[in-house]
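Comments concern the structure below.
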Amino acid sequence: MARHFLSLLDLSSEELRSIITRATELKSMLHNGESYTPFQNKTLAMLFDKSSTRTRVSFESGMAQFGGHALFLSSKDTQLGRGEPVEDSARVLSRMVDIIMIRTFAHETIERFANVATVPVINGLTDLVHPCQLLADLQTWFEKRGDIRGSTVTWIGDGNNMCHSYINAARLLDFNLRIASPKGYEPNQDILKAASNKIYFTHDAVNAAKNSDLVVTDVWASMGQEEEQKQREKAFASFQVNAELMQHANKDALFMHCLPAHREEEVTTDVLEGAQSVVWDEAENRLHAQKALIEFLLLL
Ligand code: CP
Ligand code: NVA
């Protein structure tokens with residue numbers, strides 16, 4: 001049975017910690033100009049049903065650095081987009097490539113795919129979770145601040161795929177998570193309940209930011225929710241991460257955003273570009289963290 005990475009909860013705490021440590025090692029090796037090509041002749045297939053900059057480029061560059069190859073497959077151009085069953089595509093690709101990444105809408109689609117795939121499947125984002133982003137966010141935290149155990153993280157905004165992955169991360173790495181979402185945009189209750197001893201939930205952004213070591217937000221309308229943009233702008237108006245809100249967090253609190261960011265909507269330019277923001281390191285770490293993940297899954 002292939003080992004998949006559909007959610008952070010597919011890893012034990014120890015495995016997650018070792019991937020984070022390895023990501024930083026791989027980063028130093030790359031920055032030192034060291035060549036490390038353990039995956040020559042290996043191919044990663046990347047299936048995209050949604051747009052991407054960071055996910056695509058980080059996976060593709062990562063495989064190139066490993067001496068392997070990555071295939072970009074858009075649903076617009078494959079038979080999947082014309083209705084070939086997910087299960088048939090999974091079985092065919094499993095016979096041709098060594099590892100598969102998927103970015104899609106329904107989480108169920110990636111589960112159906114992984115159920116029959118015989119090579120590792122990586123979740124590059126679904127409507128439910130975005131676990132690869134958390135590998136990078138956690139790596140960034142560990143590099144800047146050390147262990148996250150016992151720290152306080154604040155999620156401001158939509159109870160979306162990123163928020164769900166933060167909840168899962170809080171369970172695995174034992175940090176406190178304070179979430180503030182508008183009414184009607186709360187996170188999935190089952191995901192929340194499973195981590196209830198780590199989570200404080202409120203509808204008040206200022207309250208959530210208190211005592212925080214890390215403030216995180218994301219767009220108000222995710223991919224696939226574009227028509228809700230106007231309605232969401234109203235609902236989320238008091239959930240902007242701005243300098244005033246950051247004042248309620250600890251003085252040395254960091255700011256993260258998975259990007260792409262909408263300046264002056266969910267975050268102001270001064271916060272995004274300010275001294276507490278680590279968003280560019282966070283984006284770079286997608287590359288290193290996913291290389292550590294690929295290595296983990298292929299060398300198992
Ligand atoms: N953060 C993130 O996943 O970015 P992309 O949508 O550009 O891949
Ligand atoms: N929540 C966002 C994340 C983008 C990387 C989305 O799903 O569009």
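Atom set for the values below is all heavy atoms of this structure, side chains included, hydrogens, waters and symmetry mates excluded. Whatever order the structure lists ligands and atoms in, that order sets their numbers, starting from 1.
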Do [X] and [Y] form a cation-pi contact, if we require the NZ or CZ to be under 6.0 Å from the six-membered ring centre and within 45 degrees of the ring's axis?
X	Y	value
R178	Y200	yes
K198	F175	no
K291	F66	yes

Could you tell me which atoms of ligand 1, counted from 1 in the order shown, lie closer than 4.0 angstrom to a heavy atom of T53?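 Checking each atom against T53, I get 5 (P), 7 (O), 8 (O).
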Numbering as shown, the atoms of ligand 1 that approach C258 to under 4.0 Å (heavy-atom distance):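 Every atom of ligand 1 under 4.0 Å from some heavy atom of C258: 1 (N).
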Any nitrogen or oxygen of [X], main chain or side chain, under 3.5 Å from a nitrogen or oxygen of ligand 2?
X	value
H130	no
M223	yes
S222	yes

Do me a favour and list the nearest non-hydrogen protein atom to [atom] with residue, atom name and distance?
atom	answer
atom 2 (C) of ligand 1	R286 NH1, 3.3 Å
atom 4 (O) of ligand 1	R54 NE, 2.8 Å
atom 3 (C) of ligand 2	D218 OD2, 3.6 Å
atom 7 (O) of ligand 2	N161 ND2, 2.8 Å
atom 6 (O) of ligand 1	R103 NH1, 2.8 Å

Taking side chain as C-beta onward, heavy atoms only, is R22 less than 4.5 Å from E295?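 Contact flag for R22/E295 side chains = yes.
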Strictly below 4.0 Å, N to O, side chains only: are E14 and R17 in salt-bridge contact?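 No, E14 and R17 are not salt-bridged.
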Between L125 and ligand 2, which residue portion shows a heavy-atom distance shorter than 4.0 Å: side chain, backbone, both, or neither?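 Only the side chain of L125 comes within reach of ligand 2.
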Quick check for you: to the nearest 0.5 Å, what is the distance between I19 atom CD1 and I294 atom CD1?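 Nearest 0.5 Å value for the CD1-CD1 distance: 11.0 Å.
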Hey, is R56 touching ligand 1 through its side chain, its backbone, both or neither, going by heavy atoms under 4.0 Å?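 R56 to ligand 1: no contact under 4.0 Å from either part.
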Record the part of L259 in heavy-atom contact with ligand 1 below 4.0 Å; permitted values are side chain, backbone, both and neither.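 The backbone, only.
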Give the C-alpha distance, both sets of side-chain angles, the deciding distance and a yes or no for salt bridge (charged side-chain N to carboxylate O under 4.0 Å, His left out) between E15 and R3. CA-CA 13 Å; E15 286 168 339; R3 182 84 187 263; 2.6 Å; yes
Mark the output for H130 as yes if a heavy-atom distance to ligand 1 is under 4.0 Å, and as no if none is.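 True for this residue.
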Carefully, step by step, assess S75 and D49 under the rule side chain to side chain donor-acceptor pair (under 3.5 Å). CA-CA 5 Å; S75 51; D49 288 339; 2.9 Å; yes
Any chain of hydrophobic side-chain contacts (each under 4.5 Å) joining F5 to F113?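 Different hydrophobic clusters.
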Group every Ile, Leu, Val, Met, Phe, Trp and Tyr by side-chain heavy-atom contacts under 4.5 Å, then state whether I179 and L138 land in the same group.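 Yes, one cluster joins them.
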Could you tell me, atom by atom, which parts of ligand 2 come under 4.0 Å of a heavy atom of N160?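 Answer, ordered by atom number: 1 (N).
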Pull out every atom of ligand 2 sitting under 4.0 Å from any heavy atom of L259, numbered as shown with elements.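 Listed by number with element: 5 (C).
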Counting distance only, does the side-chain N/O of Q229 pair as donor-acceptor with the main-chain N or O of Q225 below 3.5 Å?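 Answer holds: no.
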Contact check, D158 vs ligand 2, heavy-atom distance below 4.0 Å: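 Outside the 4.0 Å threshold, so no.
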